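Letters A, B, ... mirror the listed sequences (proteins, then strands); counts begin at 1. Note that this is a predicted model, so its numbers are computed, not measured.
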Amino acid sequence: MQVNRLSHGGRINRARALSFTFNGRKYQGFEGDTLASALIANGVSLTARSFKYHRPRGIVGAGVEEPSTLVELMGNDASANRPVTTVPLKEGLIAKSVNCWPSPAVDIGAVNQLFARFIPAGFYYKTFKWPNWHVYEPSIRKATGLAGTPQEAPDQGHFEARYAHCDVLIAGAGPAGLLAALTVGRAGLRVMIADEGTEAGGSLLSRKLVIDGQPAMDWVAATVAELHDMPNVKHLQNATIWAYREHNYLMVNERAPENASLLERHWRVRAGHVITATGAIERGMVFGNNDRPGVMLASAVQTYVNRYGARPGKRAMIFTNNNSAYAVAADLAAAGIEIVAIVDSRDDVPEVARAVVPDLEVVAGSVVTQAQGLRRVRGVSVVPRSGGVSRTYSCDLLAHSGGWNPAVHLFSQSRSPLIYAEGPATFVPDTPAQSVSACGAAEGQFELSAALHSGAETAAELCEGPALTPPEGEDLAYAIEPLWRVEQATGKAFLDLQNDVSVDDVHLAIREGYANVEHVKRYTTGGMGIDQGKTGNINIIGTVALHQGIGMDEVGTTTFRAPYTPVSFGAIGGFRDESVVLPYRHTPLTKWNMDQGAFMYEAGARWRRPGYFPHPGEGLQEATNRECEAVRNGVGVYDGSPLGTFELKGRDVGKFLDYLYTNIMSSLKPGFGRYGLMLSDDGLILDDGVCLRLDEHRWIISTSTGHADAMNSHMEELLQTEFPDWNVFVTTVTSQWNNATICGPKARDVMVELGTDIDLSPEAFPFMTFRDGHVAGLPARVVRVSFTGELSFEVNVAPRHLRALWDKVLDAGSPHGILPVGSEASHVLRVEKGFLSLGHEVDGTVDPFDLGMGWVMSKKKADYLGKRSVHLRRDGPGVRRELVGVIPDPDRMIPEGAPLTPRGEKRPTEGFVTACVWSVVHKRWVGLALLENGHARHGETAQVRLKGGELIPVRVTPPVHYDPDGEKLRT
Amino acid sequence: MPYEATFDRLATQALFDLKGPARQLRDWVGELLPEFPEQANSGTMTGGKALYYIGLDHWLLRAELPEEQALIAELRPADAPPDISIVQISDTQAYFRITGSQADEVLAIGCPMNLHAREFGTGAASFTEFFGLRALVTRCDSGFDVAVEQSFGPMIEDYLNRALR
Amino acid sequence: MMNIPCPFCGPRNESEFSFGGPLKPDRPDPNATDDEQWVGWLTEVPNPHGPVQEKWWHVKGCGTWFTIWRDTRSHDIVEGPLDAG
Amino acid sequence: MQYRLDYYLPLVKNVPMKQSYSFLSLLRHGLNKHTTWTPAWRSLPLKDRYDVIVIGAGGHGLATAYYLAKEHGLTNIAVLERGWLGGGNIARNTITIRSNYMRDASIPFYVKSVALYEEMTQELNFNTMHSKRTMVDVIQNYPMMRDRRRRQHIMDIYGSTYKQLSPSQVRERIPALTGGGPDARLPIVGGYVHTDAAVNRHDAVGWGYARAIDALGGEIHQQTPVTQILRGTDGRVAGVETPRGVIRAPKVAVAVSGHTTTLTETVGLRLPLRTMNLTAFVSEPVKPLIDVIVNCPDAGFYLSQSDKGEMVIGGAPDFGQSFRRDIKQHVFEDTVTAMLSLFPSFKKLKLMRQWGGHLDIAHDASPIQDETDVPGLFVTAGWWGGYKAIPAGGLTLAHLVATGQPHPLMAPFTLKRFRHLEYVMETGTTTAR
């Protein structure tokens, strides 16, 4: 039974009843209801328990400001900590109160109320210290946290994030926002207007006002219709602008997109100008037990009655310090609710206010000191401010208004300052820091006609021509005398209902030295809840100001931070999810590799690469050994496509490469290649690779896979900013040239078998040269480089041909037992040869001399990147760690990264093992290490020290474990 | 279907990267190419060949793949003087075509550039971002062509399928 | 997400760019500089609480390197690459 | 270079407080309706001369003043704070305390800092809510596995714990971690657990120190910005200028994080530091779900659940120098998507608040603590992830200021290291520090 549903009125569809479940009981409401309005219509007043003391609580507000009743939604709607006032009712909705067990009516945690006296603000800083916090923590954690945690991702639908651009973004579709939109829309600007409510109208939805002689909502409907017909206007409802970033970049969360498969849409909007027409939020009065169910914000009571046809009580008291509550009283009375009296803290109540409720008792110059009743307000105690006897009024509803605060959150997030205005007794927008303006109630224009005027004028400043003549709105004049707290209050007077912060808590904080408003906020946790103190923060500031005898401006506000209201992480992420959460790159052979059952993993620069190609029953080690043996004894082939490749062209390429690399490149002859090393100007190793000279002016350079982008940036930066006069063009050709690298003693046989017009003899085609021609009938560039220490032919072709080449290579190599080779085997072959690897031996500290590559540091060149710094560092007192080979004795694997310490003692390290592999050549474990003064210690025994103190003696050797003279790769 | 749009992956396009002063490039290629566009991030088209002005002293020539060999023969990249650079890059890009009345809405999921006709109208062509990657976006008859580095092709296909679910 | 004015493409989202660090003085001749000057040049960058001239690369766009003056307190771009002065 | 092990033995010497905090004192004051509590720290008149001025009442400044008074008997000291005490980066971080570093230079320092944090509640008679809940690194790439493997052996030498976990052990520790399966974009390949890691209450650390400084006789002056550091004719530091007047002191220690260069430039000093913005955010509070610190270096985020139930989440810093405390949206979205890839159920969880802090990063990304070229002027800077370093950083700076010699734990981190470019490189090894 909807016992408190008014017989008529409201913007609900009485023809469509909706069933829902709250705290296990079934109820009915109507389409158009929120969960809050439906509960009120059903007479449910005890809806929550408070966070700390578990006091009984009801519904306080009607929108995002709701500080009191948070619910957890279940099922596919699952969502935690939702203000009950922001949950649109839908058929089958299941909700329950947070923070109480088993229910708000029978709440075990209510026992906390007995101890309330001993747990003031910050009590936990003073106790729970012995023996340590961790002992108490689990039980305390259980008591906190509000709603339960989401258990799984939504099983239906997905999220979407997108970009948008507009000339003007308007936040809020109330009277000011709509009129602003109409103004700029008619002027032809590209407009976006977003409003957090289910329908446009803002405050007009809740109030019985008249515009141009018609019901205000008729004007809203006509305006929305006109905007809808403008192709240059995008109008979103159910869409909250929750963040205002730098350069007018704003975030919008759209909760009910028209596309049914979308759960929510995240808009990132770049706006030329922003108009905040976000309205205002009512603040409460601060008196004893101001948290009892049935104590509600006056504007919320008005909303329930006018917009939802729901009656929050039958006998109402009004408590106010401003005029707006008089209109509420009038609307309530018109709906048949008995108004017992209006308590007004002002001595002089303006005539215009009294005039709207001529028949009601107004108790001026008085305050409510306490609400009576426990699970429901039963009455209020009222005393004159000047002193005198307390009088009790019986009621079941107390509608209170402490005045209005512009919703300045977005404006403030834009880094624009706020200023305290004495007239409206609140903080209002000051000078904008970005291209933003505020209008309507968000600017402090609380009366309808003023709001309409400010909407039209603010918008007119953005377009040419005169402002629209705003329609005439009739409204009660606003006037207020601020009252930040009732001094005569008895009982707990709450400033922040959500976090149970009372006036006493704030006074205690100040007494203990936590006097800055930021200290007050942190010590008491006031304003730190999910509602971020939308109704209470200014009363905290007022309480601090009163206690310290300073002005509101001196106290100042705390920072407004995004989000304005909580927003789901799913929406922020959009559908960048699952397989696309990070980029991935394929070569033309990736699919083939996967079809072969290769163990794939991510290598540098997001390439998906094969680690090894296991046969059935094989693990990493067996497969890797097999692949290594193929290369050392027969032939193998690997896909080297991801290597970064650049074509350089111009007269000054040689000069440029001489600056970039440590060795001399400019002397290279066409047809030849040369290995080189690049340093940063700090003298740290950046990258290595091979340069090929195609002809007088054209070169190809290769970089390591992982550093290709960084090298591109590095080269372009130097050329554009340091050497703009040099004639060098850089073009990335990584994906123009893919390659299959055939390596092993039989590599030449395979090349012959493939068929080529290139003379493959060592004399005609020596190591570190390249030839253009055809291989297996495909146009190819063949390069004789080697990253394995074996005879190698790197056959480069266009990617469109790579798969065909690969098949032919495998065919041609099959008589020799050719195997595809993965990254693991490449690593082993490299370590056997002592070739450096960027992720292993180059860890950001070594220089070429440390690696035994002093030969690559040209002495002839006066300058190149890193030269000065390498020598400066080597002149310093530091002991160098130098690359050595290590042979574990006895033979065993050493974990990569294991430290070496002097004599194996538990003391600072003298190096670490950079790599350790099973050598198929030596049939034992061999490794590489960086060791202090390592070059002078060949032949010594050093000690690897593992966690726990286990020692592994290792013989220190030169770093090349295989073919130290490099005869194989030159054959 | 959530959006009035579809996408196709196009076949490899013949692409040539042209760098250097427009005058020297024109001298080398003669009448072969469409007129060099004057306005940044726009293209011109003649006889199935498009020429996009994509950066300072930087152009991109696009044609259908069968034209590739003829273009190489005419452009003679290896013989071009040092003041200009001509590099064949056909294989470096994976091309997608997104068409339909809401093609712009789909683009806006991945592309932060202002795609409104006022800013990015007929003939517009620009490198920008698409689903986090560098991408060349050009307007086509009923939508957009988007090219990304070839190795990212499968990922963009993955993304577009998600966008159009 | 800043809106960075590229001299070739016009304003674009920051995510299209790569940050190149604050503009340092010209690299001194390493053969005509003492150790202290060299280390100072290498390791010290302008770090003003206010406008700083810094380098950006339009890596996802036209590939231009350019500089802007950005106020480190607000991210406001106080001078773009094409602004006079 | 030598690092001695005995420098990180825990040090316990409790400060006698005028008004002790305990369960009993709460009861006693409760009977007086809490009207009898006295201030945790006093507002004393500002003098024109002190023995030491510490600039900045953030974590490092307060810890320094505390140890100056407690360990070196220097009580004629003042901490000058531009805003409110405890309002620096100590109020804007993710409260992660750990010592899983990679270099000999770094590990013993952080081991010491962790030990000091563990004793802090008793030492300061102020509950810092130190929760030694361990940290689990969730590893999704083999190179990162190698990095962690390297750390575990060297950390062991200094008594810091690190132990490898299998993917299934990772999931047992973090049941909510349902992403990263075998078919995921980056499957979880293993993990490492660091049992020394902890979180605590950042406000309590700042307030606890402030109360102890007051008890020991030191002063803290809020709303006292330093506009200029002053030098004497002998070139030594002479004091500072503030809107409240000139304050003289023969020693001045700068502990102002991102604003270090702004202050040192007032005496013409340049330092190899740049200021960046690092942001973090929290979810709405939910019931206990995760009881360890989860660090996901390959995905690029870390999180822990606060005692209030909020998920506290951090990611990478913005590019570019910044004194603006707002999150860069794309950096933020990267962190969110990374988190959702491993915790897909968090799609329904909501963002509640976000903030940023200014940190200064040195050229080699390791901290700097030294006397500068201006005699008597000290800096402690470059604390990227400096929350965990607060107690040891204060201890070592107090040692340096009082004795003129670097504390052995900080010896590798002086400015002198740059003379020969002897960088301490801990970067490139994790995303989250």
Side-chain angles (χ1 to χ4, degrees), chain A residues 78-81 117-118 120 123 125-129 133-134 137 141 144-153 245 508 511-513 516 518-519 522 530 561-563 566-570 572-573 576 579 581-582 602 839 844-845 869 872-873 876 878 895-899 906 908-909 946-947, chain D residues 3 21-23 26-27 30 34 37 39-41 84 87 104 121 126-127 129-132 141-143 146 149-150 152-154 156-157 185-186 203-204 284-289 307-309 326 329 333 336-337 340-341 344-355 420-422 425 428:
Chain A
S79 180
N81 303 314
R117 181 173 205 178
F118 303 109
F123 73 96
Y125 296 119
K126 294 172 179 158
T127 184
F128 301 131
K129 300 195 300 295
W133 170 252
H134 213 55
E137 194 180 22
R141 289 188 73 188
T144 64
L146 302 180
T149 49
Q151 295 300 310
E152 50 199 49
R245 310 284 191 214
L508 174 64
R511 185 178 307 127
E512 292 198 79
N516 186 289
E518 292 284 356
H519 286 152
R522 285 172 161 77
I530 290 168
R561 292 200 179 95
V567 51
S568 61
F569 286 121
I572 295 164
R576 192 174 136 197
S579 58
V581 69
L582 291 168
E602 167 138 330
T845 61
S869 292
L872 179 60
R873 188 174 290 116
E896 283 180 357
K906 186 169 184 172
T909 65
L946 300 185
K947 193 165 83 166
Chain D
Y3 312 105
Y21 290 164
S22 68
F23 181 64
L26 261 180
L27 275 183
H34 300 288
W37 290 106
W41 50 79
W84 37 283
D104 293 291
T121 288
F126 202 99
N127 190 355
M129 288 167 245
H130 190 85
S131 171
K132 193 172 174 179
N141 215 339
Y142 293 99
R146 201 163 56 231
R149 204 178 294 133
R150 175 174 170 186
Q152 68 170 345
H153 298 292
I154 187 168
D156 180 65
I157 291 171
R185 171 67 186 80
L186 286 182
D203 286 332
E284 60 185 326
V286 287
K287 289 293 179 195
L289 183 70
D307 287 337
K308 273 193 80 181
D326 188 8
Q329 181 67 21
E333 289 182 9
V336 169
T337 51
L340 295 179
S341 71
S345 67
F346 287 6
K347 286 178 184 176
K348 292 172 175 175
L349 198 64
K350 292 184 277 298
L351 167 74
M352 193 172 79
R353 201 165 54 241
Q354 50 187 218
W355 65 84
H420 288 280
L421 306 175
E422 292 182 294
M425 304 286 274

**Q.** By salt bridge (Lys or Arg N to Asp or Glu O under 4.0 Å) - contacts of A:K947 (at least two apart)
**A.** none
Q) Do A:E518 side-chain atoms and D:G87 backbone N/O form a donor-acceptor pair below 3.5 Å? A) no
Q: Go through D:Q152, D:R149, D:Q329 and name the one with the most non-hydrogen pairs under 4.5 angstrom from chain A.
A: D:Q329
Q. Has the side chain of A:K129 got a donor or acceptor atom that lies under 3.5 Å from a matching backbone atom of D:Y21?
A. yes
Q: Give, as side chain, backbone, both or neither, the part of D:H34 having an atom under 4.5 angstrom from any heavy atom of chain A.
A: both
Q) What part of A:L508 gets closer than 4.5 Å to chain D, counting heavy atoms only: side chain, backbone, both or neither? A) side chain
Q: Under 4.5 Å, counting heavy-atom pairs only, tell me which of D:L421, D:I154, D:D156, D:L351 racks up the most with chain A.
A: D:L351
Q | Leading residue by heavy atom contact count with chain D [cutoff under 4.5 Å; candidates A:A78, A:S79, A:P563] | A | A:P563
Q) Taking the side chain as C-beta and beyond, is there a heavy-atom pair between D:R185 and A:E602 under 4.5 Å? A) yes
(Q) Tell me which of these, D:L186, D:L349, D:D326, has more heavy-atom pairs under 4.5 Å with chain A than the rest. (A) D:L349
Q: Verify, without hydrogens or angle tests, whether A:E896 (side chain) and D:R146 (backbone) share a donor-acceptor contact under 3.5 angstrom.
A: no
Q. Would you find a donor on one side and an acceptor on the other, under 3.5 Å apart, between the side chain of D:N127 and the backbone of A:K126?
A. no
Q: Select, from A:G878, A:P895, A:P120, the one with the greatest count of heavy-atom pairs under 4.5 Å involving chain D.
A: A:P120
Q) What part of D:P143 gets closer than 4.5 Å to chain A, counting heavy atoms only: side chain, backbone, both or neither? A) neither
(Q) I'd like to verify something: which residue of A:T845, A:V581, A:T909 has the highest number of heavy-atom pairs under 4.5 Å with chain D? (A) A:T909
Q: Name the region of A:S579, side chain, backbone, both or neither, that has any atom closer than 4.5 Å to a heavy atom of chain D.
A: backbone
(Q) Closer than 3.5 angstrom, by distance alone: can the side chain of D:K347 be matched with the main-chain N or O of D:L340 as a donor-acceptor pair? (A) no
